[in-house]
Amino acid sequence: MKKPSIPKGTRDFNPEEVSRRNYIFNTIKETFSLYGFQPIETPSFENSETLMGKYGEEGDRLIFKILNSGDYISKVDEKLYSEKDSNKITPKISEKALRYDLTVPFARYVVQHQNEITFPFKRYQIQPVWRADRPQKGRFREFFQCDADVVGSTSLWQEVEFVQLYDAVFSKLGLKGVSIKINNRKILSGIAETIGAEDKLIDFTVALDKLDKIGEEGVKKEMREKGISEVALQKLQPLFSFKGSNEEKIGSLKEMLHTSEMGMKGIAELQFISDAIEKLGLGASSLQIDVTLARGLNYYTGAILEVSAPEKVNMGSIGGGGRYDDLTGIFGLNDMSGMGISFGLDRIYLVLEELNLFPETVSENSKVLFINFGDKEALYAMKTIKKLRNLGIKAELYPDSAKMGKQMGYADKRNIPFTILAGEKEIDAQKYTLKNMKTGEQRELGFSELEEALKTL
RNA sequence: GUGGUUGUAGCUCAGCUGGUUAGAGCGCUUGAUUGUGGUUCAAGAGGUCGCCGGUUCGAAACCGGUCUUCCACCCCA
């Protein structure tokens, strides 16, 4: 028989994995809620037109399209069909697509429900998203995003809030050495302006973003290929030797961008955020200005954030976000500034696992298994189990009166810490024999002693 | 989308330049042990060698295609 399988880039989760994932989910949810965000949910698929064109050309390719129902191919006209151009036929045979991220559906939500929403609107959303990408380390075709966004406020205190929120979550998870990198789109525009490459802003930033990966020469090479002049590269030189504290970096930026109004504005924003964080303090993470950071340029207009896992794990980004002044504009609602961040749950999982940071207590396992000696004894056990469950103690009965070795083996394999033997002897005395599976120690107890033992242990 | 890589027992993997009956460890089942698991000992079950096609007297091995794994690029969480 052929073994069944799941599609490329998708995963099954076993009980232990689900418990651990829930631990991360709950930590994030708790923190979102603590910061005043409220949950919403949106459908797993949207109308294609909602998603298409919102993530650039590359993004369109990575969106999973859903075929129309019915005899969709017969409705395509002959000429179009004979051209065999997938890009042209796709919109005719597919009108729905799987969610690609949570930000665009959120923008759609805000516009659609604008009259019911009280602004500033703070929402969080934890749902799976899908990308038709090739899987590799920490990259899946189905994965969860945990987003928090605020729309309807241009205040820079939002940026400050989000940096603290990131820090709070990673502190709770015990993940030390996380770096929250920050940049500003206006600074990138300012640099492009200063070196005379405004028209090549995207090529310029995409190349710059690769600095830590391909090095200074690699970046210059790519910029030359994209048509950025030698003179411009000369002016860019100070960027490659950017070092020191955030304060020092801001100083150098001011020097470099003093002629650019846009650039200076970005620097002022950065300074505000950096100063506030300096005064408020951070726990497990640190805030670092990184002028090469250029992610998600499609809609970010101000602050850009990216969270990197501690250096010792090779995982890249475990979260990101930024300020977008006109996200809802694509759906017809203007002047609605927003700011948001996202946690990459699946990658955080891999990092916590690699660093062995999951608490032991995450498991949702039973605390005690009653050995089944037959129907009469099982009833006695069930009565006790019911009482224990009412007290919040996870207890269960082995369903069959199988051989004891088998029942013990079951408890052992499932890592259930205690078993209870209650046969004729115990029933007569209204007692229970409690066995500690780790030490092998056994004690005969009455119910109240049993309750005590299971509660404290 | 581009380049590379992987697939053999439930799991981790051996299996030489093509040669008869495809192996190991762990796990599983049964027994030693009819009220005691994790240790030990004994016996046993389990594979159309990812799938389809080709080369050959003969293919797990060679070739082509396809699916899958992992990695790099593009891009990204």
Side-chain angles (χ1 to χ4, degrees), chain A residues 1-11 24 28 55-63 86-87 99-103 126-147 202-203 205-207 209-210 213-214 218 222 293-298 305-309 314-321 340-351 369-374 377 398 401-427 432-442 444:
Chain A
M1 192 181 73
K2 199 186 161 212
K3 252 189 267 178
S5 62
I6 55 175
K8 194 202 304 209
T10 65
R11 295 151 300 160
I24 302 175
I28 294 174
Y55 309 100
E57 208 177 308
E58 189 71 19
D60 283 358
R61 205 193 79 210
L62 298 176
I63 291 172
S86 304
N87 288 332
R99 186 169 54 211
Y100 178 88
D101 73 355
L102 300 178
T103 309
I126 299 182
Q127 289 189 276
V129 302
W130 295 269
R131 295 187 186 176
D133 205 359
R134 275 216 195 165
Q136 54 179 282
K137 185 172 186 185
R139 290 176 81 158
F140 308 96
R141 299 212 295 181
E142 176 183 63
F143 61 97
F144 272 77
Q145 282 191 335
C146 314
D147 277 29
I202 292 193
D203 285 338
T205 48
V206 165
D209 194 44
K210 292 178 190 163
K213 209 169 192 176
I214 59 178
E222 185 166 329
L293 181 63
R295 61 198 328 288
L297 211 65
N298 297 317
L305 291 174
E306 176 167 294
V307 182
S308 298
N314 171 32
M315 186 51 72
S317 148
I318 54 175
I341 58 167
S342 179
F343 287 83
L345 167 96
D346 298 274
R347 288 191 177 179
I348 293 172
Y349 184 102
L350 293 171
V351 170
L369 176 80
F370 280 71
I371 302 297
N372 189 330
F373 291 107
E377 293 86 347
Y398 191 88
S401 65
K403 278 197 211 164
M404 222 172 131
K406 195 173 165 94
Q407 300 194 42
M408 284 293 184
Y410 178 79
D412 197 41
K413 255 162 233 155
R414 272 198 45 199
N415 255 314
I416 297 174
F418 295 96
T419 49
I420 287 177
L421 291 82
E424 213 173 324
K425 190 174 72 184
E426 284 88 352
I427 295 173
Y432 307 89
T433 299
L434 176 72
K435 178 180 172 102
N436 180 325
M437 295 300 278
K438 212 166 217 164
T439 62
E441 175 210 6
Q442 282 183 211
E444 202 173 294

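We name chains A, B, ... by the order of the sequence lines, and we start the count at 1 in each one.
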Nearest to the side chain of [X], which nucleotide is it out of [options]?
{"X": "A:Met408", "options": "B:U36, B:C75, B:C71", "answer": "B:U36"}
{"X": "A:Lys403", "options": "B:C73, B:G31, B:U36", "answer": "B:G31"}
{"X": "A:Val206", "options": "B:A77, B:C75, B:G37", "answer": "B:C75"}
{"X": "A:Gln145", "options": "B:A77, B:C71, B:U69", "answer": "B:A77"}

ask   = Less than 4.5 Å apart, any side-chain heavy atom of A:Trp130 and any of A:Glu142?
value = yes

Separation between the [atom1] atoms of [N] and [M], rounded to whole Å:
{"N": "B:G4", "M": "B:U8", "atom1": "P", "answer": "22 Å"}
{"N": "B:A59", "M": "B:A77", "atom1": "C1'", "answer": "45 Å"}
{"N": "B:U30", "M": "B:C51", "atom1": "P", "answer": "31 Å"}
{"N": "B:A72", "M": "B:C57", "atom1": "P", "answer": "45 Å"}
{"N": "B:C16", "M": "B:G23", "atom1": "P", "answer": "14 Å"}
{"N": "B:U29", "M": "B:U68", "atom1": "C1'", "answer": "31 Å"}
{"N": "B:U5", "M": "B:G50", "atom1": "C1'", "answer": "15 Å"}
{"N": "B:C67", "M": "B:C74", "atom1": "C1'", "answer": "23 Å"}

Could you give the [atom1]-to-[atom2] distance, from [X] to [N], as a whole number of Å?
{"X": "A:Leu434", "N": "B:G37", "atom1": "CG", "atom2": "C1'", "value": "15 Å"}
{"X": "A:Lys413", "N": "B:U29", "atom1": "NZ", "atom2": "C1'", "value": "10 Å"}
{"X": "A:Ile214", "N": "B:A72", "atom1": "CD1", "atom2": "P", "value": "15 Å"}
{"X": "A:Ile63", "N": "B:C75", "atom1": "CD1", "atom2": "C1'", "value": "13 Å"}
{"X": "A:Asp346", "N": "B:C76", "atom1": "CG", "atom2": "C1'", "value": "13 Å"}
{"X": "A:Gln407", "N": "B:U34", "atom1": "CD", "atom2": "P", "value": "14 Å"}
{"X": "A:Lys438", "N": "B:U36", "atom1": "NZ", "atom2": "C1'", "value": "19 Å"}
{"X": "A:Gln136", "N": "B:G4", "atom1": "CD", "atom2": "P", "value": "16 Å"}

Have a look at [X] and say if it touches a base, only the backbone sugar-phosphate, or nothing, with a 4.0 Å heavy-atom cut-off.
{"X": "A:Gly59", "answer": "nothing"}
{"X": "A:Gly423", "answer": "base"}
{"X": "A:Lys425", "answer": "base"}
{"X": "A:Gly321", "answer": "nothing"}
{"X": "A:Phe343", "answer": "nothing"}
{"X": "A:Ser317", "answer": "sugar-phosphate"}

Whether the side chain of [X] and the base of [N] hold a donor-acceptor pair under 3.5 Å is what I'd like checked.
{"X": "A:Lys435", "N": "B:G37", "value": "yes"}
{"X": "A:Gln442", "N": "B:U36", "value": "yes"}
{"X": "A:Asp412", "N": "B:G38", "value": "no"}
{"X": "A:Glu426", "N": "B:G35", "value": "yes"}

Assign each of A:Lys210 and A:Thr419 the nucleotide of RNA chain B bearing its closest heavy atom; nearer the 5' end lies the nucleotide of A:Thr419

Of A:Thr10 and A:Phe143, the one whose closest nucleotide on RNA chain B sits nearer the 5' end is A:Thr10

Between [X] (side chain) and [Y] (backbone), is there a donor-acceptor pair under 3.5 Å?
{"X": "A:Arg131", "Y": "A:Phe140", "answer": "no"}
{"X": "A:Arg347", "Y": "A:Ser317", "answer": "yes"}
{"X": "A:Asn436", "Y": "A:Glu441", "answer": "no"}
{"X": "A:Asp346", "Y": "A:Phe144", "answer": "yes"}

With sequence neighbours excluded, residues passing salt bridge (charged side-chain N to carboxylate O under 4.0 Å, His left out) with [X]:
{"X": "A:Glu222", "answer": "A:Lys210"}
{"X": "A:Arg99", "answer": "none"}
{"X": "A:Glu424", "answer": "none"}

Separation between CD1 (A:Ile416) and CE (A:Met408), nearest 0.5 Å, reads 11.5 Å

Stems field, RNA chain B, Watson-Crick or wobble, 3.5 Å, at least 3 pairs, by first number, holds B:1-4 with B:70-73, B:10-13 with B:23-26, B:28-32 with B:40-44, B:50-54 with B:62-66

Per the under-4.0 Å heavy-atom filter, residues of residues 126-135 of chain A near RNA chain B come out as A:Arg131, A:Arg134

Distance below 4.0 Å between A:Lys8 side-chain N/O and B:U68 OP1 or OP2
yes

Residue pairs meeting side chain to side chain donor-acceptor pair (under 3.5 Å), one or both in residues 403-412 of chain A, sequence neighbours left out, come to A:Tyr410-A:Arg414

Only residue of A:Ile126, A:Asp101, A:Thr103, A:Ile28 satisfying side chain to side chain contact (heavy atoms under 4.5 Å, CB included) with A:Asp147 is A:Thr103

Pair A:Ser401-A:Asn372, side-chain hydrogen bond (donor to acceptor under 3.5 Å, both in side chains): steps then yes or no | CA-CA 5 Å; A:Ser401 65; A:Asn372 189 330; 4.6 Å; no

